[in-house]
Amino acid sequence: MTSIDFLGSPCARLVLYLPHRPEGLDSFVHAPSAGEIVAANSNHWRKIINLLAKVASPQEDDWRRFRDSDLFEHTALCFEPALKEEGCWHWIAGQANLQRFVSLDHHAAVLPEDAEIAVDGARRLLLSPYPDYRQLSNQRVARIREALAQAGFYGGVAF
């Protein structure tokens, strides 16, 4: 993937796939800080970055520190509709975005308590609404974290 299609760690544990890129993408280093992306963009990107940190943080109540110091050392953003081949978790956010992945074969099961969130543990795939506070409330983030924990995402991780 070219640098314009991928932003973050090449060894990411979680890759968030989005249909659009932040402003200034070509000026960011391989793994920028969350603050750099937010500063170069709108409040919309602050919400995306915060939700990525809330989901990816190994400790639920420490997501702010994780966002500010470790986020892009352990996660990435991808703007191409093709899953990265390494053994990371893939988070495709939004129905319209999912439709871009035309050849994606998955068996994601919806969560019993939320039909808009689905997980395929074998493919390491998370499907959810777009990362916006109106669509991914704290309650939904907690459901996602619980599903990922059950699938082994947080197990034995020390950041």
Side-chain angles (χ1 to χ4, degrees), residues 1-2 5-22 30-32 34 37 45-159:
M1 291 180 213
T2 63
D5 290 325
F6 189 84
L7 180 65
S9 173
C11 302
R13 288 187 36 82
L14 177 65
V15 177
L16 173 58
Y17 296 84
L18 295 170
H20 58 279
R21 296 164 177 80
H30 189 64
I37 293 175
W45 278 97
R46 181 185 61 80
K47 294 173 187 177
I48 292 170
I49 298 300
N50 284 349
L51 287 166
L52 176 59
K54 285 181 176 187
V55 169
S57 178
Q59 313 235 320
E60 184 175 4
D61 60 349
D62 198 25
W63 68 268
R64 287 178 184 88
R65 185 212 53 81
F66 180 77
R67 175 199 61 202
D68 295 342
S69 63
D70 297 326
L71 184 65
F72 286 107
E73 292 177 25
H74 302 285
T75 67
L77 300 172
C78 185
F79 311 104
E80 184 177 68
L83 298 184
K84 189 176 175 219
E85 293 191 27
E86 284 77 31
C88 61
W89 273 83
H90 308 281
W91 177 9
I92 301 174
Q95 274 302 334
N97 189 29
L98 178 59
Q99 292 173 3
R100 297 182 328 133
F101 292 79
V102 292
S103 63
L104 180 63
D105 180 33
H106 69 84
H107 302 287
V110 297
L111 300 185
E113 62 278 0
D114 196 326
E116 291 189 57
I117 300 169
V119 174
D120 181 342
R123 297 269 333 251
R124 293 180 161 192
L125 180 64
L126 166 64
L127 307 175
S128 81
Y130 191 81
D132 181 276
Y133 295 149
R134 290 170 290 171
Q135 296 182 66
L136 283 183
S137 63
N138 285 337
Q139 185 177 26
R140 277 192 158 161
V141 168
R143 289 179 188 140
I144 289 170
R145 288 187 60 85
E146 183 178 330
L148 290 178
Q150 289 176 0
F153 177 75
Y154 304 105
V157 177
F159 294 114

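Computation of the quantities below employed the complete heavy-atom set of this structure, encompassing side-chain atoms and omitting hydrogens, waters and symmetry-equivalent molecules. Keep in mind that what you see is a predicted model, and the values were worked out from it rather than measured.
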Task: Donor-acceptor under 3.5 Å (Asp70 side chain, Glu73 main chain) - done: no
Task: Reported NZ-to-CH2 distance for the pair Lys84 and Trp89, which is rounded to 0.5 angstrom - done: 15.5 Å
Open item on the list: For Glu113, is the CD atom crowded, meaning more than 12 foreign heavy atoms sit under 6.0 Å from it?
Closed with: yes
- [ ] Please examine the side chains of Phe72 and Leu77, heavy atoms only from C-beta on, and report whether any two atoms are closer than 4.5 Å.
- [x] yes
Task: Ionic contact status for Arg140 with Glu116, cut-off 4.0 Å - done: yes
TODO: Side-chain contact test, heavy atoms from C-beta onward, threshold under 4.5 Å: evaluate it for Ile144 versus Asp114 and give yes or no.
DONE: no
- [ ] Return the minimal non-hydrogen interatomic distance between Ala53 and Leu71, and the atom names on each side.
- [x] CA-CD1, 3.8 Å
Open item on the list: With heavy-atom distances below 4.5 Å as the criterion, would you say the side chains of Val55 and Trp63 are in contact?
Closed with: no
Identify each donor-acceptor pair in which a side-chain atom of residues 101-112 lies under 3.5 Å from a protein atom, sequence neighbours left out, and give them as a table.
{"residue": "His106", "atom": "ND1", "partner": "Ala108", "partner atom": "N", "Å": "3.0"}

Task: Nearest non-hydrogen partners of Ala93 and Leu18, listed with the distance - done: CB-CD2, 4.3 Å
Open item on the list: Are Arg145 and Val141 packed together at the side-chain level, in the sense that at least one heavy-atom pair is separated by less than 4.5 angstrom?
Closed with: yes
TODO: Say whether Tyr17 and Arg100, considering side chains only, have a donor N or O and an acceptor N or O under 3.5 Å apart.
DONE: no
- [ ] Using the test side chain to side chain contact (heavy atoms under 4.5 Å, CB included), find all partners of Ser69 that sit at least two apart in sequence or belong to another chain.
- [x] Arg65
Open item on the list: Restricting to side chain to side chain donor-acceptor pair (under 3.5 Å), what partner residues turn up for Thr75, sequence neighbours left out?
Closed with: none
Open item on the list: Please report the interatomic distance NE2(His90) to CG(Leu127), rounded to the nearest 0.5 Å.
Closed with: 11.5 Å
Task: Modelled atom types, side-chain donor and acceptor of Tyr133 and Asn138, under 3.5 Å - done: no
Open item on the list: With a 4.5 Å cut-off on side-chain heavy atoms, are Cys88 and Leu83 touching?
Closed with: no
TODO: Any chance you could measure Asp5, atom CG, to Phe79, atom CZ, to the nearest 0.5 Å?
DONE: 8.5 Å
- [ ] Report the distance from atom NZ of Lys47 to atom CZ of Arg134, rounding to the nearest 0.5 Å.
- [x] 6.0 Å
- [ ] I would like to know whether His74 and Tyr154 meet ring-ring contact (aromatic ring centres under 6.0 Å, His included); could you show each step before the answer?
- [x] CA-CA 12 Å; His74 302 285; Tyr154 304 105; over 10 Å; no
Task: Leu16 side chain reached by Cys78 side chain, heavy atoms, under 4.5 Å - done: no
TODO: Enter the distance from Leu125:CG to Trp91:CH2 here, rounded to the nearest 0.5 Å.
DONE: 12.5 Å
Open item on the list: Nearest 0.5 Å, please: how far is CG in Leu126 from CD1 in Ile92?
Closed with: 9.0 Å
